[in-house]
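See below for the structure under consideration.
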Amino acid sequence: MGTSSGSHFNHQPSPRMLPPRQQPRSGGLQTSLSLVSPDACGSPNFQERGSNSDQIRESPSESASSRETWPTADALMGKKVDKDKERENGFAEHSVVRHISSSETMTLRDLARERVDVIAERMQHLPDEFLEKFKNELRVLLEGLGGSQHREEFLFLQKLVQSRGDLTDKTLIVAHRIQLEILVAIKTGIQAFLHPSVSLSQASLIDIFLYKRCRNIACGSALPAEDCTCELCSKRNGFCNLCMCVICNKFDFEVNTCRWIGCDLCSHWTHTDCAIRNGQIGMGPSVKNGASSAEMLFRCRACSRTSELLGWVKDVFQHCAPSWERDALLRELDFVRRIFRGSEDNRGRKLLWKCEELIEKLNSGVAEPMACKAILMFFQELEGDPAKGQESEEGGRLIAPQEAFNKIADVVQEAIRKMEMVAEEKMRMVKKARLAVDACDQELKDKTREVAALQMERQRKKQQIDELESIVRLKQAEADMFELKANEARREAERLQRIALAKTEKSEEDYASRYLKQRLNEAEAEKQFLFEKIKLQESSRASQSSSGMYSKIQDLLKNM
């Protein structure tokens with residue numbers, strides 16, 4: 001969708017659009033979308049995926065911002081390859097794989113659906129590698145490389161999290177750190193929260209989850225930012241007027257660019273693409289040149305005020321163009337060309353034609369410093385050159401030959417001066433290229449030395465590993481020898497035990513036979529003793545019976 005060239009804005013009196021909020025925020029990354037000095041133009045070009053607004057739910061890959069550059073699965077795969085290389089080189093230690101029965105059934109869906117305290121308690125007992133696996137799975141879903149299946153799975157997880165009413169500050173305070181990072185990443189669609197180098201406090205993550213703090217990690221402002229009470233800031237959940245677009249609610253980390261248009265009255269920001277698509281850029285009456293003339297204006301959706309765009313583009317290029325590379329300059333010229341594509345005033349059309357001309361020259365190989373100087377000189381000429389009036393007056397009359405020769409000499413001198421400037425620029429480029437080549441050669445030598453050092457270290461480690469393996473083999477042989485001796489000693493002990501057992505049985509048999517023989521002799525002696533005793537008793541009984549009969553006979557005889 002192009003600009004609505006037919007739409008005209010009624011320009012309200014307002015100061016010329018100046019870059020708002022020029023002071024960078026103290027601490028952390030610079031989040032201002034304003035124009036800053038060229039020295040501060042080194043802000044990283046990280047981008048956001050998706051929006052966490054309740055009104056806009058898109059897949060992580062569908063965003064007005066460019067693709068984010070936080071480390072993704074490729075970086076993780078690189079780490080895995082490094083670990084594999086270390087394992088091949090013998091650097092990795094032997095690890096024991098721990099299988100957790102409770103973790104085998106836990107998935108991202110369980111984490112998004114189950115109670116916070118239950119999942120937190122289960123995650124306390126999980127190993128770090130399993131928690132990292134959770135984050136890697138979510139990173140893959142956020143990247144959307146798997147097509148519609150990954151996008152649908154992520155949207156399902158996001159719907160689960162956004163539909164829960166139990167996720168409050170009281171319940172989230174007991175959440176596990178990794179659990180909270182995953183919940184915030186699912187709700188916002190930003191995988192930067194899963195990056196190991198991003199370390200936010202538990203309270204900050206909870207505030208971001210509950211839309212109390214800006215989800216832009218580099219911004220982190222409490223919402224509503226600057227206590228803004230406008231309709232956008234008060235009704236949109238998670239909207240931050242310091243870094244987000246008032247149309248698409250998305251943010252990125254680009255600064256010093258024509259990609260963003262800021263309102264100098266309410267300090268709200270809008271993507272240039274969003275403003276063009278929604279007809280926020282169009283022709284309107286100019287205040288500077290009178291009510292009869294018109295120029296390209298930007299209408300802010302937040303406050304409905306208008307601001308002129310030519311001066312804003314001029315400020316951006318004067319402050320930032322000298323530090324842009326070729327790709328950045330091409331991109332900014334394309335933004336300006338799209339902004340003024342529907343321009344109907346003379347200055348806007350000239351700027352459009354100049355941008356198209358410079359884009360063609362840059363694509364044909366013209367150096368970016370020359371193109372930058374050309375656009376800056378064009379802005380100076382556009383503001384008004386005092387010599388133009390004199391040239392227009394002199395154009396209607398004849399001039400003297402000497403004066404013509406002088407003018408021709410001036411033109412030649414100007415051409416020579418420009419050629420010298422081009423030659424100097426080429427020389428500087430050659431010197432720069434030579435320095436770059438020298439730096440590359442030096443870096444190559446350094447890398448060669450590093451590779452040699454790494455190879456020596458690898459060889460030393462390999463020797464150490466060989467020594468350790470030889471020691472292990474020696475110890476294994478000793479263990480086998482000791483085991484053999486132990487087996488022989490065990491067999492000898494069993495043989496002696498059998499001999500002792502046999503001797504014990506034999507001695508018990510001998511003892512039993514001797515004991516029985518002794519008992520038999522004692523029984524025979526006792527038998528003989530009893531026999532003699534019986535004989536003695538019988539003899540004594542016989543003698544007593546005979547003496548009794550004798551006495552009876554005597555008594556009978558006496559009686560007789």
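Along the sequence shown, the residues carry numbers beginning at 1. Here the structure is a predicted model, which is why all the values come from computation and not from measurement.
- With rounding to the nearest 0.5 Å, the separation of SG in Cys274 from CZ in Arg301 is 9.0 Å.
- Glu308 places no side-chain N or O within donor-acceptor distance of the main-chain N or O of Leu297, the cut-off being under 3.5 Å.
- For the pair Val184 and Thr188, the tightest heavy-atom approach, listed with the atom from each and the gap, is O-OG1, 2.7 Å.
- Listed here is the closest heavy atom pair of Met296 and Asp345: N-OD1, 4.4 Å.
- Of the options Leu200, Leu210, Leu183, a side-chain contact (heavy atoms from CB on, under 4.5 Å) to Leu205 is made by Leu200 and by none of the others.
- Arg347 and Glu295 make their closest contact through NH2-OE1, 4.4 Å (heavy atoms, listed as atom of the first residue, atom of the second, distance).
- Distance check, rounded to the nearest 0.5 Å: CD1 of Ile178 to CG of Leu126 gives 11.0 Å.
- Counting only heavy atoms from C-beta outward, the side chains of Gln179 and Ile182 never approach each other to under 4.5 Å.
- With hydrogens and angles disregarded, no donor-acceptor distance shorter than 3.5 Å links the side chain of Arg213 to the backbone of Ser204.
- With salt bridges taken as basic N to acidic carboxylate O contacts below 4.0 Å, none links Arg337 and Glu356.
- A salt bridge links Arg139 with Glu132; the closest basic N to acidic carboxylate O contact falls under 4.0 Å.
- Using a 4.5 Å cut-off on side-chain heavy atoms (C-beta onward), Thr272 and Trp260 make no contact.
- Under the 4.5 Å side-chain criterion, counting only non-hydrogen atoms from C-beta, Cys258 is in contact with Trp312.
- Under a cut-off of 6.0 angstrom, the local environment of CD in Gln464 is crowded, with over 12 non-hydrogen atoms contributed by other residues, nucleotides or ligands.
- Inter-residue side-chain proximity for Phe193 and Lys135 is flagged as unmet; no heavy-atom pair is nearer than 4.5 Å.
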- Might you work through the salt bridge (Lys or Arg N to Asp or Glu O under 4.0 Å) test for Glu129 and Lys133, ending with a clear yes or no? CA-CA 6 Å; Glu129 55 268 20; Lys133 188 188 78 169; over 6 Å; no
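- In terms of modelled atom types and a separation under 3.5 Å, the side chain of Asn216 and the main chain of Ala218 share a donor-acceptor contact.
- Looking only at side-chain heavy atoms (C-beta outward), Phe317 and Trp324 come within less than 4.5 Å of each other.
- Between Asp327 and Arg331 no salt bridge is recorded (no basic side-chain N to carboxylate O distance below 4.0 Å).
- Within a 6.0 Å sphere centred on CZ of Arg115, heavy atoms belonging to other residues, nucleotides or ligands number 12 at most.
- In terms of modelled atom types and a separation under 3.5 Å, the side chain of Arg299 and the main chain of Ile281 share no donor-acceptor contact.
- Using cut-offs of 30° and 60° on the angle between ring planes, the pair His268 and Phe239 is parallel.
- When atom types are taken as modelled, the side chain of Arg164 and the backbone of Glu114 share a donor-acceptor pair closer than 3.5 angstrom.
- Residues Thr229 and Ser234 form no side-chain contact, since every pair of their non-hydrogen atoms from C-beta on lies 4.5 Å or further apart.
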- Trace of the side chain to side chain donor-acceptor pair (under 3.5 Å) decision for Glu332 with Thr257: CA-CA 7 Å; Glu332 299 302 323; Thr257 174; 2.6 Å; yes
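- Between Arg338 and Asp273, at least one side-chain nitrogen of the basic residue sits less than 4.0 Å from a carboxylate oxygen of the acidic one, meeting the salt-bridge criterion.
- Checking side-chain atoms of Asn278 against main-chain N and O of Ala275 turns up no donor-acceptor pair under 3.5 Å.
- Listed here is the closest heavy atom pair of Arg236 and Val246: NH1-O, 2.6 Å.
- At distances below 3.5 Å, at least one donor-acceptor pair connects side-chain atoms of Gln158 with backbone N or O atoms of Ile186.
- A salt bridge is defined here as a Lys NZ or Arg NE, NH1 or NH2 lying under 4.0 Å from an Asp or Glu carboxylate O, and Asp207 with Lys212 fails to meet this definition.
- The side-chain heavy atoms of Phe379 and Leu351, taken from C-beta on, include a pair separated by under 4.5 Å.
- Between the CG atom in Leu157 and the CG atom in Leu111 there is a gap of 9.0 Å [rounded to 0.5 Å].
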